[in-house]
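Residues take their numbers from the sequence shown, with the count starting at 1.
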Amino acid sequence: MKISAYLLISLLITSCKNDAAQENLADLLDGMPYIEGKMDYLDSPYVTAGNRVYMVGQQDGSFAEIGWHIKGEMGGIWNHPIKLMDGFNAELLFAEDRTPLDRADKFINYPLANVHQYSLSKYQLSVERWQIVPDDKEGIAIQYIFHNQGDNTVEFDLNFTAHAD
């Protein structure tokens, strides 16, 4: 019995360690081919898809009410035939204002993922929103990467809001 308790405690302690290097999606996809979207198409739909879950949104990072099959209800995140979410939005909360991340400046599509890029020149900050839907999983990974373009510290809070009917 004592051996089982020691083994359980050892497993708990080992699982609490974080020896794995923290990787982001940008690093994982480095060197993979991609297509940069054109500015004229930022209001056009895109899809991020695995074989279980998929997300349909606009290349500018928003979730327009699109679809003719079920009028206005075909965008969002789906685990077909179940619609999980209508979409989501994020905003940065600075001391003096709120800045929504709802109009990306650039869209890039990879075979496995895609990224929306936002430029917040007022704060000398750029933001990347990466998303990937792995095959055989019922989920989606969304990652925000923040780049300070200046020399000063930039402080903000991130407000992430999910939308569902």
Non-hydrogen side-chain atoms of Asn24 and Trp130 separated by less than 4.5 Å: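 No, side chains not in contact.
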Using a 4.5 Å cut-off on heavy atoms from C-beta on, say whether the side chain of Val133 contacts that of Tyr54.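 Contact flag for Tyr54/Val133 side chains = no.
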As a quick check of understanding, evaluate side-chain contact (heavy atoms from CB on, under 4.5 Å) for Thr99 and Tyr123, giving each step before the final call. CA-CA 10 Å; Thr99 302; Tyr123 298 102; 3.9 Å; yes
Please lay out, stage by stage, how Asp105 and Gln117 fare under the test side-chain hydrogen bond (donor to acceptor under 3.5 Å, both in side chains). CA-CA 6 Å; Asp105 301 305; Gln117 295 179 343; over 6 Å; no
Run the side-chain contact (heavy atoms from CB on, under 4.5 Å) test on Asp102 and Asn89 for me, step by step, so that the C-alpha distance in whole Å, both residues' side-chain angles and the decisive distance to 0.1 Å come before the verdict. CA-CA 7 Å; Asp102 60 355; Asn89 65 298; 5.9 Å; no
Considering non-hydrogen atoms only, spot the tightest contact between [X] and [Y] and give its length.
X      : Y      : value
Pro111 : Pro33  : CD-O, 3.1 Å
Arg129 : Ile142 : CG-CG2, 4.1 Å
Phe88  : Tyr144 : CE1-OH, 3.7 Å
Asn51  : Asp136 : OD1-N, 2.6 Å
Val56  : Ile66  : CG1-CD1, 3.6 Å
Pro134 : Gly139 : CD-O, 3.8 Å

What is the distance from atom CD1 of Ile77 to atom CE of Met85, rounded to the nearest 0.5 Å?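 Taking CD1 in Ile77 and CE in Met85, the distance rounds to 4.0 Å.
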Can you tell me how far apart CD1 (Ile132) and CG (Leu29) are? Round to the nearest 0.5 Å.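 Rounded to the nearest 0.5 Å, the CD1-CG separation comes to 5.5 Å.
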Walk me through it: do Asn148 and Gln124 pass the test side-chain hydrogen bond (donor to acceptor under 3.5 Å, both in side chains)? CA-CA 6 Å; Asn148 186 343; Gln124 295 185 320; over 6 Å; no
Residues in side-chain contact (heavy atoms from CB on, under 4.5 Å) contact with Phe156, at least two apart in sequence or another chain: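 Once residues adjacent in sequence are excluded, the partners of Phe156 under the side-chain contact (heavy atoms from CB on, under 4.5 Å) criterion are Leu92, Phe94, Leu125, Phe146, Val154.
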Among Gln58, Gln131, Arg103, whose side-chain hydrogen bond (donor to acceptor under 3.5 Å, both in side chains) with His116 holds?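 For His116, the side-chain hydrogen bond (donor to acceptor under 3.5 Å, both in side chains) check succeeds only for Gln131.
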Does Tyr41 OH have over 12 foreign heavy atoms under 6.0 Å away?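 Atom OH in Tyr41 is not packed in, count stays at 12 or less.
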Enclosure of Ile35 CD1 (heavy-atom neighbours >12, cutoff 6.0 Å):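 Atom CD1 in Ile35 is not crowded, with 12 or fewer foreign heavy atoms closer than 6.0 Å.
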Quick one: do Tyr118 and Val115 end up in the same hydrophobic cluster if we chain Ile, Leu, Val, Met, Phe, Trp and Tyr together by side-chain heavy atoms under 4.5 Å apart?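 Tyr118 does not cluster with Val115.
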Salt bridge check: are Asp157 and Arg98 linked by an N-O gap of less than 4.0 Å?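 Between Arg98 and Asp157 there is no salt bridge, as every charged N stays at least 4.0 Å from the carboxylate O atoms.
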Passing option when Val127 is tested against Leu120, Ile145, Leu158 for side chain to side chain contact (heavy atoms under 4.5 Å, CB included):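 Only one of Leu120, Ile145, Leu158 forms a side chain to side chain contact (heavy atoms under 4.5 Å, CB included) with Val127, namely Leu120.
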Could you walk me through whether Asn114 and Tyr46 pass the side-chain contact (heavy atoms from CB on, under 4.5 Å) test, one step at a time? CA-CA 9 Å; Asn114 34 56; Tyr46 76 93; 3.5 Å; yes
